[in-house]
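Heads up: the structure comes next, in structure tokens.
Each chain gets a letter, A, B and so on, in the order its sequence line appears, and its residues count up from 1.
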Amino acid sequence: MNYWLVKSEPEAFSWDQFVQDGKAMWDGVRNYQARNHLKAMRTGDLVMFYHSVSEKAVRGVGQITREFYPDPTVNDERWVAVDLKPVYRLKNPVSLATIKQDERLSGTALIRQSRLSVMPLTPDEFNRMLELGEAVEL
DNA sequence: GCCAACGTTGGC
DNA sequence: GCCAACGTTGGC
């Protein structure tokens with residue numbers, strides 16, 4: 001089992017929309033490093049859903065339901081998409097400020113590499129976010 | 001192969 | 001709204 005974090009601007013695709021839809025296709029990634037992380041995702045992996053820019057907080061957790069396939073939104077075989085479904089919401093969204101301050105979270109790729117939109121998390125980082133966020137099943 | 005110019009992301 | 005970081009493009 002691997003753990004990940006993906007970013008979305010809530011104005012483009014929000015956590016609430018994700019929950020309402022009950023699923024999402026994660027497409028549109030146009031960065032090789034992020035793409036490589038998408039390709040490494042396996043069915044069952046858990047993914048923190050982070051709202052960037054206007055909110056800057058982790059809102060919940062998704063789970064991979066379909067491993068990578070060609071991104072249908074572009075005619076270019078380099079780019080891929082995965083599918084996921086919402087599994088936990090965070091009662092207490094974990095803010096970027098909190099992540100920066102927390103001893104166990106301050107080393108995450110989210111801080112070190114602020115422009116990367118798909119990144120791995122260690123099990124410890126993932127569990128810490130679940131704990132701080134007071135995760136509840138959907 | 002280098003690097004300047006430029007575009008995008010995302011925090012502040 | 002600004003700007004730092006950084007990825008990409010294209011001229012040489």
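- Taking a 6.0 Å sphere around CZ of A:Phe18, one finds it holds more than 12 heavy atoms contributed by other residues, nucleotides or ligands.
- Rounded to whole Å, the distance from CZ on A:Arg112 to P on C:dA5 is 16 Å.
- The phosphate of B:dT9 has neither OP1 nor OP2 within less than 4.0 Å of any side-chain N or O from A:Tyr50.
- Summarising the geometry, the separation between NE2 on A:His51 and P on B:dG10 is reported as 13 Å, rounded to the nearest angstrom.
- As rounded to whole Å, 14 Å separates atom C1' of C:dG7 from atom CZ of A:Arg35.
- Distances were taken from every side-chain heavy atom of A:Asn31 (C-beta onward) to each of B:dG10, B:dC12, C:dG7; the shortest belongs to C:dG7.
- To the nearest angstrom, C1' of B:dG11 lies 13 Å from CD1 of A:Ile99.
- Distances shown here put a side-chain N or O of A:Lys7 below 4.0 Å from the OP1 or OP2 atom of B:dG10.
- If you measure from atom CD of A:Glu11 to atom P of B:dT9, you get 13 Å, rounded to the nearest angstrom.
- Spacing between atom CD of A:Gln113 and atom P of B:dG10 amounts to 11 Å, rounded to whole angstrom units.
- Across all non-hydrogen atoms, the minimal contact from A:Gln63 to A:Val87 is OE1-CG1, 3.7 Å.
- Contacts of A:Lys56 with the nucleic acid, taken as non-hydrogen atoms under 4.0 Å apart, include base atoms.
- Taking a cutoff of 4.0 Å between a charged side-chain nitrogen and a carboxylate oxygen, A:Asp71 and A:Arg30 qualify as a salt bridge.
- Looking at the side chain of A:Tyr32, the nearest of the listed nucleotides C:dT8, B:dT8, B:dG11 is C:dT8.
- Residue A:Ser52 has its side chain nearest to B:dG11 when only C:dG7, B:dC12, B:dG11 are considered.
- Classification of A:Arg42 and A:Glu67 as a salt-bridged pair holds, one side-chain N sitting under 4.0 Å from a carboxylate O.
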